[in-house]
Structure formats: C-alpha cells, structure tokens
Amino acid sequence: MEISTITQAMQLHAQLIKTGHGKNTLSLSKLFNFTALSYSGNLSYARAIFDSIPCPNSYFWNTMIRAYSKSTEPEHALQLFLTMQHKDHKPDKFTYPFILKSCGCLRKTHEGKQFHALIYKSGLEFDRFIQNSLIHMYCDCGESNAAARVFEKMLEKDVVSWTSIIDGYVDDNRSTEALQLFGKMEKEGIEPNDATVVSVLRACADVGALDTGRKIHQIVEEKNFGKVNVSTALIDMYSKCGCIDSARKVFEKIEQKDVFAWTTMISGLASHGKSKEAIDLFETMVEMHVKPDVRTITAVLSACKNAGWVREGYSYLNKMEKRFGLRPTIQHYGCMVDLLARAGYLKEAEQLIKRMPIEADSVVWRNLIWACKVHGDKDRSDRLMNQHQHLQMDFKIKDSGTCVLFGNIYASTGEWSEKAKVRQLMNKKGLTKPKGSSKIETKGTIHEFVAGATSHPDAKKIYEKLDEITEDLILAGYQPKVSEVMLDIEDEEKALQLHHHSERIAVAFALISTNKDARIQIVKNLRSCEDCHNVMKLISKVYEREIVIRDRIRFHHFKNGNCSCGDYW
DNA sequence: CAACGATCAA
C-alpha cells in the first residue's frame, strides 16, 4: 500500500497495532519513513512511533536522526545520537551524513570536529558520502580551510565533492579561488551538473567574471540544464557583470518564472538605475499572480530609492503589509529612511526611525548622518553623531563602518583632532578600516588590486601608466585632492602610491592589457566615492573608453564622460 | 530488506 497522506499513515498504524506489528517491520518502516521524512509528514508523530519500538534497528535510528537534521530543530539529531551511543547502538555510514548536516546547520564546529574524529576511529573516513558531508559541514561552519583539507585527501572526488567545495569557497568570500577550482575540475574531466553551474555562476557574479560566466552559459545550453534556478543564477551573473540586456534575455526565456527569478531580475534592473523598468516588472509579476516575498519588496524599494521616488516608496512600504501580508524588516525601513534622506526630507527620515517598530541598526543611522552632511544640515548631523556615538559606547558595537564615516566627516570639515579621536577609538576597540579593493577580469583571470599594492607581476608598468593617466587628467582639468589616506601616512613616497585608489590601478591595468574597444568593467568591494566618479568620467572621456563600475550599491556606466546612473549620491 | 551528499536574490 502506498502512503500519500498523514491520515492514511495513521490508519495503517492503527491496523498494525491491532494485528500486532511485532513481525511486520517492512510495513512499519514504510509508515515511519513517510511520517518522518515526507513533506506532509509529522515529526512528533514519527517520534512517537520511534519511541514505541522496543529495539529500533539502524534504519529507524538513522531515519529519525535524518528527519531531525532536515527539521527546524536539528539539535534533536545530536541529542538522539547521544541516546543512541548510550544504548550501545553503533552509528554507521548512514548516520554520519545526517549528523554532520546538523552540525553545519547549527554552526557547531567543535562538535563537528569531534564527529570527524569518531569517523576516523571507526574507519569510515574514506566513505565518499561522509567525506562530502564533512566538506559541507566545515563550509557551513566557516572553516573552508578544514573543508579543503578533507577535499584534498579524497582519493575519488566526484561532482558533489567539487560542487561542495566550490560553493563553500564562494560563501567564504573566496570566489576567485572557487573559479580556479572549477578550472581544475574541468581539467580532471569531471562533468559539471546543474548544481555545479549554479555555484560557479555565483562565483562569477561575485567577482564580475563575465568571460567565465558566458562560458558557463554555453555549458548550460549544451547540456540543457532547464531548471529555473539555473536561469536565475544566469540572470544574477549577467546583472552583476554589467550586462543587464543579456540578463533580460535569459529572463524572458523562462517558462515558469518563480519568485526568485522575478526578484533577481527586478533587483538587477534596480541596481542598474533602471527604476522604471524594475517597477513595471514588479507590477507585471503581481498581475501574473506570483506572490512577492520580503526580498522582492526590498528590490522594489531600492529602485524607488535610486530614482528618488518618495511617494512610490511609501506606497509600496504600506502595500507590503496590507496587500501582501509581509512584515517589513530593517532592510525595508532602512531603505525608506535612505530614500527620504537622499531626497532631502531629513526630518521625516529621522521621524521614521523613531516611529518604526524595529530598532534602527548602525547602517540606518550612518546613511542618515551622511545625508545630513550632503544636504548641509550640520546641526542635525552633529546631534545625531553625538547620539550615535553614545549608542556605540554604551552597547559596545563593533562597527568599523561608523568609525570610517565619522572619520570622513571630520576630515571633510577639517576637524583633525576629532578625527584623531576616532582613530584612537578604533585602535582601542581593535577595529580596522575595511580595505578597498577593485577586481577586473582579463582573459578569464581575475586580478584584484588594493591601493598601494605592488605584488602584481606588471606592477611597474601599471604605476608608470598611472602616472601618465594622472598627467593626462590634470591636463583635462582634474585637480588632485589631498587624499585622506595621505594625511595618515608619514612616508611621503608611500603616501603617493596610496593616493592611487584601487579602481584607478585597475583601470590603468585594463588600459595596458585589453583591446581598445573592449569595455572596462570593475567590481569594487566598497561604495565608490565622489572622487572616484569624477576620475572615471574623465578617464572615459580622455581615453574614449566605456567603463562600468559596480560598487556595493549599484552600477555606474561611464561613456564619453557621461555617467548613465546619475550622480553617485 | 530498506537509505545517505551539493542549489538562487538585497
């Protein structure tokens, strides 16, 4: 008898009890399997069945543990493992993958390592499934190095091993290495499947690896990976690599578009400054009866923010709860505060922070304070900075972003002693300034630059080119600003090197290493500043090159000295 | 006697 509903399962259970289920383990295991694992099952009912078995065999133990590992309370899986040991029942090669999954979900690195030791002692360390689970567990716990050690030791790495380690590297901000691993995987002749390409596309999106991304698109076509999530990953990759039109083409071809596909497309359009298209697409989505989720609304609000549409922003924020039944999160309120503040409604922005049912985080405060500075409302920004500084002291928030903001504000108004205090505070709290970097892809390889770095093999040529660029820019009317970094550095020569921001170094590298008509595409890990924009505008004009910059917030397309995304602010 | 691992967006 096939079981497909929980009622059927209960009927079968009743029958088994009546006729005495002692001998009929096959029916009972079928029943148990359904109750514990199927989507329409019932975990506590499964546990009741489990508890009614006097001496459960391995299958029952493992299935019960597996059920917990998939549930919202994976810690019960670990508890059950202890019970199992207590009752002298030995774990086997099926037990460990579920246990390791639970450790991963719960970020229990320490326990995970202990299980690793147990696995080693029981001689199961060369089981492929267990090794793959170990890789995944270590990645979930943020220990990608430990995962890599397991991976290296594997004698037969299969496609799941490769996918797991690649995906883990992407999650751990090691996308460049993830792409190198994919290259190795191809060399070893392992065929990627749909899960693999999704992970590799995430890596491409992360670092702006368009060439590799296109290559993956070809593989997807050849192998006919038709799942929506693959298309969604392609849309995201193309969007994040600056090719919004290619993203759109992939989107149009999807037959059954789900929330993820819609949301990814909408946020791609929003980040490219195409607010109108983003909003239109959202309306179409609603017409097609696809229910938006909280992230969809975030994308819509950020489209409003980029366009400065205050009324529309408010209306979507209201609709979100009333029409779609979604509770706004800090991201939504933060976006709305930012929208108001950028449009110059500073008082309203501050009031919204006080009114909203969630406590503002430091990102929200930071955006508002910065907006006050941009709009020249010094009283408000001083007051907010004082308030926020107290918050920071009182709650011991470790937030280097806020310190950087304060430092920048003091520097821009020439309050050097205040700025020095911020620096002292950062030292005391052990905070370091996030280091800006710029990535660029040439011939399928990712190059990453930070200000002042000299480790690139072409460093000498790049800095020569930079000097040349600086001269050309000055001829075209650029006035070098006394950079903030320069003031902190004693050594003058070092200061001059640092003065070249990372994106300028990347552009110089692109100018000497790419074709004249290829567009230059840069991924920054921080938000780009006004000075960066002015310089990019000029370079694109003087050298007649198209330059695309992606920063934390959005894209900026520079062509012949014009920026198609409006001003940076 | 049954069974196990990797998947998307601010």
Side-chain angles (χ1 to χ4, degrees), chain A residues 24-33 36-37 57-67 69-70 91-101 104 124 127-137 139-140 147 150-151 154 157-171 192-202 205-206 225 227-237 239-240 247 254 257-271 278 292-303 305-306 329-332 334-335 338 363 552-554:
Chain A
N24 200 346
T25 37
L26 189 63
S27 296
L28 187 66
S29 59
K30 259 191 175 172
L31 160 69
F32 181 61
N33 183 66
L37 299 176
N57 63 21
S58 301
Y59 177 75
F60 283 98
W61 280 106
N62 292 338
T63 307
M64 198 63 236
I65 290 175
R66 180 184 175 195
S69 77
K70 290 208 308 187
D92 59 19
K93 62 172 184 169
F94 293 110
T95 321
Y96 286 110
F98 311 134
I99 287 295
L100 292 170
K101 186 169 176 69
L124 290 169
D127 182 276
R128 238 188 31 235
F129 285 93
I130 291 180
Q131 285 172 318
N132 289 342
S133 301
L134 278 168
I135 294 173
H136 195 230
M137 182 274 293
C139 289
D140 269 351
V150 176
F151 178 77
M154 287 182 80
K157 308 175 176 81
D158 63 13
V159 61
V160 179
S161 326
W162 286 97
T163 307
S164 302
I165 193 76
I166 289 174
D167 200 63
Y169 271 22
V170 180
D171 280 339
N193 61 19
D194 55 342
T196 318
V197 297
V198 169
S199 294
V200 178
L201 285 170
R202 283 178 63 209
D206 192 25
F225 294 148
K227 285 205 201 155
V228 196
N229 63 335
V230 174
S231 302
T232 304
L234 277 171
I235 294 169
D236 193 46
M237 182 278 293
S239 296
K240 292 205 170 134
I254 305 176
K257 303 177 178 75
D258 62 3
V259 209
F260 295 117
W262 285 98
T263 305
T264 306
M265 192 66 239
I266 293 171
S267 69
L269 289 166
S271 67
D293 70 3
V294 284
R295 289 164 199 256
T296 322
I297 309 291
T298 308
V300 170
L301 286 178
S302 90
K305 179 177 78 178
N306 291 337
T329 68
I330 186 71
Q331 277 91 351
H332 300 97
C335 202
D338 208 17
V363 181
R552 283 201 82 104
I553 313 264
R554 59 171 157 163

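Quick caveat, the model's predicted, so the values are computed rather than measured. By convention in this document, chain letters (A, B, ...) are assigned in the order of the sequence lines, proteins followed by strands, and residues within each chain are numbered from 1.
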| request: Looking at every strand, decide which applies to Asn62(A) at a 4.0 Å heavy-atom threshold: base, sugar-phosphate, or nothing. | output: base
| message | Show the nearest heavy-atom pair for residues Ile297(A) and Pro292(A), with the distance to one decimal. | response | CD1-CB, 4.4 Å
| task | Scan Asp127(A) against the nucleic acid and name what it touches under 4.0 Å (heavy atoms): base, sugar-phosphate only, or nothing. | result | nothing
| task | Mark yes or no for a side-chain to base donor-acceptor pair under 3.5 Å between Asn193(A) and dA6(B), with no hydrogen or angle criteria applied. | result | yes
| said: I'd like to check the side chain to side chain donor-acceptor pair (under 3.5 Å) partners of Thr196(A); sequence neighbours left out, ordered by chain and number. | reply: Thr163(A), Asn193(A)
| message | Tell me the closest heavy-atom pair linking Asn132(A) and Met154(A), and the distance in Å. | response | OD1-CE, 3.5 Å
| Leu234(A) CG to dA9(B) P, straight-line distance once rounded to whole Å | 13 Å
| task | In whole angstrom, give the distance that lies between atom CZ of Arg128(A) and atom P of dA3(B). | result | 16 Å
| field | Whole-Å distance separating the CG atom of Leu31(A) from the C1' atom of dC1(B) | value | 17 Å
| Spacing of Arg295(A) atom CZ relative to dA10(B) atom P, expressed in whole Å | 8 Å
| message | For the base of dC4(B) and the side-chain ring of Phe94(A), does the geometry meet a stacking cutoff of under 5.5 Å between centres and under 30° between planes? | response | no
| remark: Between CG of Asp140(A) and C1' of dA6(B) the distance, given in whole Å, is 11 Å
| task | Give one of base, sugar-phosphate or nothing for Asp158(A), where a contact means two heavy atoms less than 4.0 Å apart. | result | base
| field | Partner set under ring pair (Phe, Tyr, Trp, His ring centres under 6.0 Å) for Phe32(A), not counting sequence neighbours | value | Phe60(A)
| request: Just call it for Tyr96(A): base, sugar-phosphate, or nothing, with non-hydrogen atoms closer than 4.0 Å on any strand. | output: nothing
| query | Arg554(A) has an atom CZ; how far is it from atom C1' of dA9(B), in whole Å? | reply | 19 Å
| For His136(A) and dG5(B), is the shortest distance between a side-chain N/O and OP1 or OP2 below 4.0 Å? | no
| query | Are any non-hydrogen side-chain atoms of Phe94(A) and Ser58(A) less than 4.5 angstrom apart? | reply | no
| request: Would you mind classifying the nucleic acid contact of Thr298(A) as base, sugar-phosphate or nothing, using non-hydrogen atoms under 4.0 angstrom? | output: base
| query | Reckon Lys101(A) touches a base, only the sugar-phosphate, or nothing at all at heavy-atom distances under 4.0 Å? | reply | sugar-phosphate
| Thr263(A) near the nucleic acid: base, sugar-phosphate alone, or nothing, with a heavy-atom cut-off under 4.0 Å? | base
| note | Here the distance between atom P of dC8(B) and atom CD1 of Ile266(A), to the nearest Å, is 19 Å
